[in-house]
Chemist: 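Pasting in a structure now, in structure tokens, and then I'll have a few things to ask.
Quick note: numbers below take in every heavy atom, side chains included, and nothing from hydrogens, waters or symmetry partners.
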Amino acid sequence: MSDRRFKPKKKPGQSRNHVMLLTLLALLVATSFVLFMPPNESIKRGLDVQGGLSVILEAKKTDDKDPSSEEMTAARQIVERRVNLLGASEATVQVQGNNQLLVQIPGIVDQAQAVSTIGKTGVLHFVNVADLENKGAIEALESGVYVTDQEINRKLAFGDLKPNQILNANPDEQTGRVPMGIYTILDISGGGDEDSEGDSNYYQLISIDEKDYTPIFTGADITQVTVGLDNGVGPDYSVGLELNRTAAQAFKEVTTQLAPTKGKIAIVLDGAIQSAPAVQTIIGDGRVSITGNYGLKEADSLKTILQSGSLPVSLSVINAQVVGPTLGQESLMAGILVALIGLALVALYLLFFYKGIGLLTAAAVGVFAILYLGVLALLSSLGFFALSLAGIAGIVLSIGVAADSSILVLERFKEEIRMGRSVRAASQTGVWHAIKTSLDADFVTLISALALFFIAVGTVKGFGLTLAIGVVCDIITMILFKAPVVRLLAPRFIAKHPGFWGVKEDEEFALASGELNRGVANG
């Protein structure tokens, strides 16, 4: 009887397909490497890692009753939108008790501006000054003896003004700023603070009550908000509004009435008059510009408030503090150390038990890590991700998932050789069966991770996101690296040097079982 050898038929172009997959992987790895370099700058960090701002807001209604759960939910959603519009990532807004909101903003730069913005009630009214019933406000606006909040804050910052010279709007204890608006200048000769060093000027915020007027239109009538240079030249900024059809028609009628006499329209936000520009011409296109010597930050803040809508309750700051990153940095270093130790132990385990094939799995874990970091850096640059301690836990677990799928591929490859298949055949069928099994497990993990991300709140979302990204990167690594590399190396290198690659014992077991001869084993 002749010695016959059974070998799997090699499909034409199969090697070329494997090379194309590895080429695609090389491009992805190179792109990922560029994205996450340098790692300490490319990936943003959350509040618990880098520090930031933590604020507790207390909600009140005008009748001093406790707000309902529906009102607190609406307030949380509006504050959350404002925080997101500030450009903060990984920020959280949570309801505490019956009437408090906990806001945590990592890495926010201008903390005073952030506190001022998120706590604004945001009720905007445009009012015909001539229709005001508050005569004091009319006299102040008509006389022109007033200053803006920007000027007062500058005076406070440089020590030219003392807090007790502001009669009804003392600076906020947390931010050191006075509320936005126009302040009338009062001459109280010889009165007030004895330490005022002869300065007789006192400042009073021009505020009015809703019962004193009927608005032309409100913030609910605004369809779009933009910020630009005042008159296109600066240096001040203005906030541009586009109105719906009803409000545009009402504004056209009022400006038609006021334009001949240069009458004034007051812009009222949360009961304080922000500015009172004189009507120079009829405005009939529904495009309105709010001016008031705004800097870019103030204009952006007003834009954020108007875009996010009016709060159903008034919010006051109970506590605002900067959270230091010391504890977070220590935990971050501990997490990184754990991840590195885990990687080292996995690599040693693979090299000890799987010999040369373990090198392939170690390389697969390295490829996985580069792809993983690249995706995190990309999401971070787009503002969708900031690294938190919970996220680090997800990363460590993802490393375990990637190592587990790699071991499964190796074990199935070796098992098929022990069953009597040649090295080449085992690299085809064994790897494919292992990948299918790994995909089943990965999809189950992915569903759980996505459920955590979309349903959970707070830092748990970070855990779900990093775990989901890790599972996706593991799937990509299996398809683009593990499968083509094993199949390319199997007939040329692994079959010729079974001892180095750790499959010799499996071949000997198959031979001892009488399931194949040496020629078949070598494929």
Chemist: With heavy-atom distances below 4.5 Å as the criterion, would you say the side chains of I166 and P171 are in contact?
Modeler: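 Side chain of I166 against side chain of P171, heavy atoms only: contact under 4.5 Å found.
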
Chemist: Working to the nearest 0.5 Å, report the span between CG of D221 and CD1 of I216.
Modeler: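 One gets 11.0 Å once the value is rounded to the nearest 0.5 Å.
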
Chemist: What distance separates L24 CG from I476 CD1, expressed to the nearest 0.5 Å?
Modeler: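 Going from CG on L24 over to CD1 on I476, the span is 9.0 Å.
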
Chemist: Report yes or no: does S207 contribute a side-chain atom to a donor-acceptor pair with the main-chain N or O of A272 at less than 3.5 Å?
Modeler: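 Side chain of S207 to backbone of A272, a donor-acceptor pair under 3.5 Å: no, none is there.
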
Chemist: Any pair with a residue in residues 253-266 that passes side-chain hydrogen bond (donor to acceptor under 3.5 Å, both in side chains), sequence neighbours left out, goes on the list, sorted by first then second residue, please.
Modeler: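 Listed once each, the pairs are Q249-E253.
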
Chemist: Using side-chain contact (heavy atoms from CB on, under 4.5 Å), reason through L397 and F463 one step at a time and then give a plain yes or no.
Modeler: CA-CA 10 Å; L397 182 57; F463 174 81; 3.9 Å; yes

Chemist: Applying salt bridge (Lys or Arg N to Asp or Glu O under 4.0 Å) as the test, list every pair that has at least one member in residues 272-291; sequence neighbours left out.
Modeler: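 Pairs touching residues 272-291 that pass the test: E242-R287, D285-R287.
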
Chemist: Looking only at atom types and distance, does a side-chain atom of Q100 sit under 3.5 Å from a main-chain N or O of G97, one as donor and one as acceptor?
Modeler: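 Between the backbone of G97 and the side chain of Q100 there is no qualifying donor-acceptor contact (under 3.5 Å).
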
Chemist: Which atom pairs, one a donor and one an acceptor, fall under 3.5 Å between side chains of residues 68-75 and the rest of the protein, sequence neighbours left out?
Modeler:
{"unit_1": "S68", "atom_1": "OG", "unit_2": "E70", "atom_2": "OE1", "d": "3.4"}
{"unit_1": "S68", "atom_1": "OG", "unit_2": "E71", "atom_2": "N", "d": "3.2"}
{"unit_1": "S68", "atom_1": "OG", "unit_2": "E71", "atom_2": "OE1", "d": "3.4"}
{"unit_1": "E71", "atom_1": "OE1", "unit_2": "S68", "atom_2": "N", "d": "2.9"}
{"unit_1": "T73", "atom_1": "OG1", "unit_2": "S69", "atom_2": "O", "d": "2.9"}

Chemist: Any chance you could lay out the side-chain contact (heavy atoms from CB on, under 4.5 Å) test for V79 and V103, step after step, and finish with the verdict?
Modeler: CA-CA 8 Å; V79 170; V103 184; 3.9 Å; yes

Chemist: Kindly indicate, with the supporting measurements, whether the criterion side-chain contact (heavy atoms from CB on, under 4.5 Å) is fulfilled by I318 and L57.
Modeler: CA-CA 6 Å; I318 300 301; L57 302 169; over 6 Å; no

Chemist: How many angstroms lie between atom OG1 of T281 and atom CD1 of I283, to the nearest 0.5 angstrom?
Modeler: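 The CD1 atom of I283 is 7.5 Å from OG1 of T281, to the nearest 0.5 Å.
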
Chemist: Is the backbone N or O of P277 less than 3.5 Å from a side-chain atom of S275, with the two atoms forming a donor-acceptor pair by type?
Modeler: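 No, S275 side chain to P277 backbone: no donor-acceptor pair under 3.5 Å.
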
Chemist: In the structure I gave you, are the side-chain heavy atoms of I267 and I273 within less than 4.5 Å of one another anywhere?
Modeler: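 Heavy-atom side-chain distance check fails, nothing below 4.5 Å.
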
Chemist: Is a side-chain donor or acceptor of D270 paired with a backbone partner of V123 at a separation under 3.5 angstrom?
Modeler: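 Yes.
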
Chemist: Donor-acceptor pairs under 3.5 Å, side chain of residues 126-136 to any protein atom, not counting sequence neighbours: which ones?
Modeler:
{"unit_1": "N128", "atom_1": "OD1", "unit_2": "A130", "atom_2": "N", "d": "3.1"}
{"unit_1": "N134", "atom_1": "OD1", "unit_2": "G136", "atom_2": "N", "d": "3.2"}
{"unit_1": "N134", "atom_1": "OD1", "unit_2": "A137", "atom_2": "N", "d": "3.0"}

Chemist: Indicate yes or no for a side-chain donor-acceptor contact from Y372 to the backbone of V471 under 3.5 Å, with no hydrogens or angles considered.
Modeler: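 A pair under 3.5 Å: no.
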
Chemist: Is any side-chain heavy atom of V239 closer than 4.5 Å to one of T226?
Modeler: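 When only atoms from C-beta onward are counted, V239 and T226 do not touch, as no gap falls below 4.5 Å.
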
Chemist: What are the two closest non-hydrogen atoms of G394 and T466, and how far apart are they?
Modeler: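 Heavy atoms only, the tightest pair is CA-OG1, 3.3 Å.
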
Chemist: Under the 3.5 angstrom rule, does the side chain of N153 hit a backbone N or O of D149 as a donor-acceptor pair?
Modeler: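 Present.
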
Chemist: Look up atom CD1 in I395 and atom CG in L376, then write down how far apart they are to the nearest 0.5 Å.
Modeler: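 I395 atom CD1 to L376 atom CG measures 5.5 Å (nearest 0.5 Å).
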
Chemist: Closer than 3.5 angstrom, by distance alone: can the side chain of Q165 be matched with the main-chain N or O of N201 as a donor-acceptor pair?
Modeler: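 Answer holds: yes.
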
Chemist: Using a 4.5 Å cut-off on heavy atoms from C-beta on, say whether the side chain of L186 contacts that of L167.
Modeler: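 Sidechains of L186 and L167: in contact.
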
Chemist: For a side-chain contact (heavy atoms from CB on, under 4.5 Å) check, start with the C-alpha distance between L102 and Q104, then their side-chain angles and the critical distance, and finish with the verdict.
Modeler: CA-CA 7 Å; L102 172 63; Q104 293 182 310; 4.2 Å; yes

Chemist: Who pairs with V145 by side-chain contact (heavy atoms from CB on, under 4.5 Å), at least two apart in sequence or on another chain?
Modeler: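 Per chain and number, V145 pairs via side-chain contact (heavy atoms from CB on, under 4.5 Å) with S143, I185.
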
Chemist: For residues T148 and Y183, report the shortest heavy-atom separation together with the two atoms involved.
Modeler: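 Scanning both residues, the minimum pair turns out to be C-CD1, 4.4 Å.
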
Chemist: Measuring from I475:CD1 to L480:CG, what's the distance to the nearest 0.5 Å?
Modeler: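 Result: 11.5 Å between the selected atoms.
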
Chemist: With the side chain counted from C-beta on, respond yes when L371 and V29 share a heavy-atom pair under 4.5 Å apart, and no when they do not.
Modeler: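 They are in side-chain contact.
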
Chemist: Answer yes or no: is there a side-chain heavy-atom contact under 4.5 Å between L315 and V313?
Modeler: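 Of all side-chain heavy-atom pairs linking V313 with L315, at least one is under 4.5 Å.
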
Chemist: Do I469 and L379 have side chains that get closer than 4.5 Å, going by heavy atoms?
Modeler: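 SC-SC contact between I469 and L379 confirmed.
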
Chemist: Does some side-chain heavy atom of I265 sit less than 4.5 Å from a side-chain heavy atom of F251?
Modeler: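 Yes - at least one pair of side-chain heavy atoms lies under 4.5 Å apart.
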
Chemist: G464 and L452: which non-hydrogen atoms are nearest, and at how many Å?
Modeler: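 Answer, listing the atom of G464 first, then L452: CA-CB, 4.1 Å.
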
Chemist: Can you name the nearest heavy-atom pair linking R76 to V93, along with the distance?
Modeler: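 Of all heavy-atom pairs spanning R76 and V93, the closest is CD-O, 3.5 Å.
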
Chemist: If you look at every heavy atom in G286 and A248, which pair is closest and at what distance?
Modeler: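 Nearest pair, atom of G286 first, then A248: CA-CB, 3.6 Å.
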
Chemist: Is there a donor-acceptor pair closer than 3.5 Å between any side-chain N or O of N168 and the backbone N or O of L205?
Modeler: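 The answer is yes, because a donor-acceptor pair under 3.5 Å joins these two groups.
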
Chemist: At their closest point, which heavy atom of A247 faces which heavy atom of F217, and how far apart are they?
Modeler: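 Minimum heavy-atom contact is CB-CB, 3.7 Å.
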
Chemist: To the nearest 0.5 Å, what is the distance between CD1 (I206) and CD (Q274)?
Modeler: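 Taking CD1 in I206 and CD in Q274, the distance rounds to 11.0 Å.
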
Chemist: Checking F33 now: which residues fulfil ring-ring contact (aromatic ring centres under 6.0 Å, His included) with it, not counting sequence neighbours?
Modeler: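 Applying ring-ring contact (aromatic ring centres under 6.0 Å, His included) to F33 gives F36.
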
